[in-house]
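The block underneath contains the structure these notes are about, expressed in structure tokens.
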Amino acid sequence: MGRWLKPDVYPLIAAMSFVTGLCTFQLTRNVFMNPDVRVNKNNRKSAVLENAEEGEKYHQHAFRRFLATQRPEVFPAINRFFAGPATVARSDRHD
């Protein structure tokens with residue numbers, strides 16, 4: 001087994017395991033929580049479901065609500081450092 005599994009491959013295995021876990025999570029979430037997916041027969045009978053509230057609840061999940069309160073920057077401190085004082089947003093100024 002040591003011949004096939006070298007230490008150089010460990011980061012690739014870790015990355016692929018992480019991505020596989022994310023895909024599994026998203027597929028499981030869609031099957032069990034998506035209002036448009038109908039697994040049982042009772043929901044499959046109707047062609048169009050009137051479930052706008054359920055769809056909005058699915059769309060506005062907790063992570064999306066958290067991101068709505070954050071600024072769209074990856075490294076805000078580094079951005080402010082390299083941008084200089086002339087281009088800092090008004091909300092960041094400490095006059």
Side-chain angles (χ1 to χ4, degrees):
M1 190 66 174
R3 180 176 158 210
W4 294 101
L5 192 60
K6 297 181 180 180
D8 300 344
V9 184
Y10 291 160
L12 180 62
I13 292 172
M16 293 304 294
S17 299
F18 178 73
V19 169
T20 303
L22 282 178
C23 289
T24 303
F25 167 75
Q26 186 62 29
L27 288 172
T28 305
R29 178 178 177 263
N30 280 331
V31 166
F32 290 115
M33 298 179 68
N34 193 334
D36 293 333
V37 175
R38 296 173 225 148
V39 179
N40 58 7
K41 284 187 177 183
N42 293 333
N43 288 340
R44 282 187 289 185
K45 289 178 183 176
S46 61
V48 177
L49 295 176
E50 297 295 330
N51 57 354
E53 297 87 21
E54 189 178 355
E56 187 65 26
K57 180 182 169 189
Y58 176 79
H59 180 70
Q60 293 296 333
H61 49 80
F63 186 61
R64 186 179 293 265
R65 287 191 309 267
F66 168 74
L67 289 179
T69 62
Q70 304 298 314
R71 295 184 62 183
E73 294 179 318
V74 177
F75 297 114
I78 294 174
N79 290 343
R80 284 192 299 270
F81 175 76
F82 284 111
T87 58
V88 174
R90 291 179 194 256
S91 62
D92 291 342
R93 290 185 182 163
H94 302 289
D95 295 334

- Task: Please report the shortest heavy-atom distance between R80 and R71, naming the atom on each side.
- Result: NH1-NH1, 4.2 Å

- For atom CZ of F81, is the number of surrounding heavy atoms from other residues, nucleotides or ligands below 6.0 Å larger than 12? no

- Query: Are V74 and I78 co-members of a hydrophobic cluster defined by side-chain heavy atoms under 4.5 Å apart?
  - Reply: yes

- Does N30 have any side chain to side chain contact (heavy atoms under 4.5 Å, CB included) partners at least two apart in sequence or in another chain, and if so, which? Q26, N34, Y58

- CZ-NE2 distance between R29 and H61, expressed to the nearest 0.5 angstrom: 4.5 Å

- Hey, any chance F82 and F75 share a hydrophobic cluster, counting ILVMFWY side chains that come within less than 4.5 Å of each other, even indirectly? yes

